[in-house]
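First up is the structure itself, then whatever we jot down about it.
Only a predicted model underlies this, so the values are computations on that prediction, with no experimental measurement involved. For this chain, numbers begin at 1 and follow the sequence in order.
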Amino acid sequence: MKIKPYSILFPYYDEISYKQLSDTTCHDLGMDFLLPEIAGKVDEQALIKDVLSHMSDDRRVADYRKDVFSDIMNNIGFRKRIMEVFDELEHIREFGLTHSNFDDEVSLWHLYQRLDELKDYIRCVEQIRECLSEADLHSEGLTGLLKYVDTLYNEAGFSKMKEDISALTVKASEIQSITVGVNVNNRLEATGLGLISVNSKPFKKSGIFSGFSDAISGGDRLQDEAEWSGDMHFYPSNKNGNDRLFQSLKKGSGIFNLQRTPFVDSRTRSTIVTGVMDDRGKNTSYYLEAEMNRMMSKLSRDLRAVLTAYADVAVVNISGLIPEFIYYIRAVEFIEKYRAAGYTFCTPEVTEDVTEAKGFYNIRLALSVDPKDMVENDIRFDRSNRIYVLTGANRGGKTTLTQAVGLLFLLAQGGIPVPAEHFCYVPADAIYTHFPADEDKTIDLGRLGEECIRFRKIYDEATAHSLILLNETFSTTSFEEGYFIAKDSIRAMLIKRVRMIYNTHMHKLGQDIDELNTETDGHGAVSMVMRTDGSKRSFRVELAPPEGLSFASDIAIKYGVTYDQMIEKSTRS
C-alpha cells in the first residue's frame, strides 16, 4: 500500500504555502556566516538554509517546529540513539533498495543481497518505534511520528514481511551445491555449458587421481547418454590454480568450482566461473547465472514479489525523516553550545497582533564578541509602530540592529530559540532586504536605478504580513533626490501596512514622521535613534527624533581628515 510521507518540519503541507527567501536576503541576514556555526558539513548547511529560507505566516508551522525542537533538546538520550539508527538506515538507503530495479533481469544473487538489506531495514524501523515509545515526548510532531511509524509497521505489513523473509531464507539455505554439464570436442575444448541441477546437499570430495582415472579410462566408463544417473564423483578445483592437473584441464575444457558458502549470505555477489576465454567461453558466468535463475524461477519470483511490495514503503517514508532530524539536532547543539558560553536565548511565542522583542541582540555579531560585551535592545511592532525610521551615527550599529531583527524572525519561524530575553511575534510570510548592492551589479543601470528596480519588486511582492529591512536605501544619489524617493516609499508602505525598518542617514525622514503619518488610519511610522554619548557610540536605540543633521564630522575625526588634523600633520612633517 502507499502511505503518505510524514514530516516533522512541514506540517499540513497541503494546506500551507511557503515563500522562499532570495539568496540576496539570506546573504544580507548573515546566513553565510551563521550556517557554518550551526553545522560543519556543507550539505547540512544547505539543508538548514533551505528550511529557514522557506517561510510561512501560518502560526501552526512555527508552533509545531518550536515544540519538536523542545522535545529533541529535552531528550538527550533519544536524539543520540535515533541518530545511530538513522546512520544505519542512511547506509541502506544510499546503497540498497532505492537504487534497485526489480525487473525480470535482476539476478537471484542480487535479490538475496536486497533481502538481507530489507531485514536490516525492518530492524531499524523497530528500533525507531522503541526510541519514540521510550522518550518523554509531548510535541504534536513527534507523538504523531510514533503513531505514523506504528501505522507504517502494521498497515504496510511489516510483520508479514518478516514471515516472508524467514520463509525465503529457509528455502535459500537448502541450496548447497549446483551441478554443471560441459560439452567438449575431441580436443577436450568446451563447446557448451548447461546447468544440470540445484542440490540440497554438497558434493563429497573424492581422491582426485583415482577419481579422475575412474572417470575417463576405459571404454566402459564412457556414458552413452548425457543424462546423469547420479554416479559421479566430485573433483574440487585448486583455488589458486597451481597444480599441473588443474592447469591442464583449465587449458582444455575449463573447471567450474561452484560449491557455495551459505547462499543467503549477501557477501556472495556472483557465481565464480573459471573457463576458456575465447568468444564461446567469455560469457559463461553470465550464461550460468541466467540458467540458474531460470531453474530457480519460482524462488526468484517469490523473492522479487516480496521486495517489490515493500521497497518503496520500506525506505522512502522513514529515510526521508533523516535530514529533518539532522536539522533539529544541529540547531539544538548550536543553542546548547552558546548558552554554555553565556549567551541568552529564549523560546519565542506566537501572538495575534503584536511583535515585541526585549533584550535582543545580533547572534551573528555575538559569535565574535564576548557575551558580557553584547549590547541588548528592545523593539515593538504594533498598529502605531509599523515602520521605524532608524537614524544615528555612521558605524553606530544601525545595520547590526536591522539585521538582528530579521534573524529573530528567521530563527523563531524555524522553531529555534532566539537571541533575546523575550520575543513574541506575529509570523512573517517573507523577509525582504534592500541593502547596498555590489558595484558590478549596478554598471548598466547605475546605483540609483538598480535600487529603484529592487525596491519596486519588493513593494509588489510584500504583504501586510511581510517584514522589510532597508539599509541606506536611496542613499546613492543627492540628498534631495534620495529624500524625495524615500519619503514616497515610506508613505506607500504605510498604506500597505507592512512591518519595516528603514536604516538611513537621511535624518530629515525622522524629523518628518508626523507628516508621513497624516495619510494613514493609525498604522504609523516612528523615529528611532541609535544613541551616542558625544562621539562615543552606545549601540542602544530609543524612540526619539534624530539627534542631528549629520555625523560626518565624527567619521572625519576618526580617520584624521578634518582640516585641522590634516594641516597639523602636514606642518609637523
Side-chain angles (χ1 to χ4, degrees), residues 3-11 38-41 43-44 47-48 51 64-65 67-100 113-166 169 266 306-307 309-334 336 415:
I3 298 179
K4 187 176 180 180
Y6 189 88
S7 176
I8 55 174
L9 275 173
F10 296 95
I38 300 176
K41 296 180 180 180
D43 57 340
E44 292 181 359
L47 161 69
I48 296 168
V51 174
Y64 184 94
R65 291 176 175 177
D67 293 342
V68 171
F69 181 96
S70 179
D71 266 350
I72 292 177
M73 171 168 274
N74 294 334
N75 288 270
I76 299 175
F78 165 75
R79 69 177 188 250
K80 179 180 179 181
R81 186 179 174 193
I82 200 76
M83 284 309 298
E84 290 174 350
V85 178
F86 280 145
D87 285 343
E88 183 175 355
L89 188 61
E90 179 69 359
H91 177 79
I92 299 172
R93 187 184 70 84
E94 289 182 354
F95 301 104
L97 296 169
T98 53
H99 298 289
S100 301
Q113 179 187 355
R114 295 297 167 266
L115 187 62
D116 275 354
E117 292 167 353
L118 197 54
K119 288 163 61 179
D120 291 338
Y121 174 77
I122 297 172
R123 179 171 49 80
C124 288
V125 173
E126 291 173 336
Q127 289 178 348
I128 292 171
R129 291 175 76 196
E130 291 177 5
C131 289
L132 292 167
S133 299
E134 296 171 3
D136 182 24
L137 304 177
H138 304 281
S139 65
E140 177 187 352
L142 293 184
T143 56
L145 177 60
L146 175 57
K147 295 177 183 177
Y148 173 81
V149 174
D150 279 335
T151 299
L152 183 69
Y153 190 88
N154 295 324
E155 295 191 14
F158 276 27
S159 297
K160 179 62 168 60
M161 183 179 2
K162 290 176 67 175
E163 295 176 5
D164 291 343
I165 290 174
S166 177
T169 302
S266 63
V306 170
L307 298 181
Y310 297 117
D312 290 341
V313 155
V315 173
V316 175
N317 291 17
I318 292 293
S319 63
L321 292 166
I322 296 175
E324 299 193 345
F325 268 96
I326 289 175
Y327 167 85
Y328 284 109
I329 289 173
R330 296 294 176 260
V332 165
E333 292 169 346
F334 171 77
E336 288 179 335

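Minimum heavy-atom separation, L146 to S133: CD1-OG, 3.5 Å. The two residues L321 and I8 come nearest to each other via the heavy atoms CD2-N, 4.3 Å. Counting all heavy atoms, side chain and backbone alike, A135 lies closest to F78 at CB-CD1, 3.8 Å. A pairwise comparison of heavy atoms in G415 and R65 identifies CA-CB, 3.7 Å as the closest pair. Scanning all heavy atoms of the two residues, the minimum distance from L132 to V149 falls at CD1-CG2, 4.1 Å.
Rounding to the nearest 0.5 Å places CD1 of I82 at 9.0 Å from CG of L142. Here the CD1 atom belonging to I322 is positioned 11.5 Å from the CG atom belonging to L47, to the nearest 0.5 angstrom. In this structure, the separation between CG on D87 and CD on E84 is 7.5 Å, given to the nearest 0.5 Å. Separation of atoms CD (E336) and CD1 (I76) is listed at 6.0 Å; rounding is to 0.5 Å. Within the model, atoms CZ of R79 and CE of M83 stand 11.5 Å from one another, a figure rounded to the nearest 0.5 Å. Interatomic distance, OH of Y148 versus CD1 of I128, reported as 10.5 Å (0.5 Å rounding).
Between F86 and Q127 there is no side-chain heavy-atom pair separated by less than 4.5 Å. No side-chain heavy atom of F325 sits under 4.5 Å from any side-chain heavy atom of V68. Side chains of L152 and Y6 form no contact here, defined as non-hydrogen atoms less than 4.5 Å apart. The shortest side-chain heavy-atom distance between Y64 and L9 does not fall under the 4.5 Å cut-off. No side-chain heavy atom of H138 sits under 4.5 Å from any side-chain heavy atom of D67.
Under a 3.5 Å cut-off, the side chain of N75 and the backbone N or O of D136 do form a donor-acceptor pair.
Salt bridge annotation for E333-R330: present, with a cationic side-chain nitrogen under 4.0 angstrom from a carboxylate oxygen.
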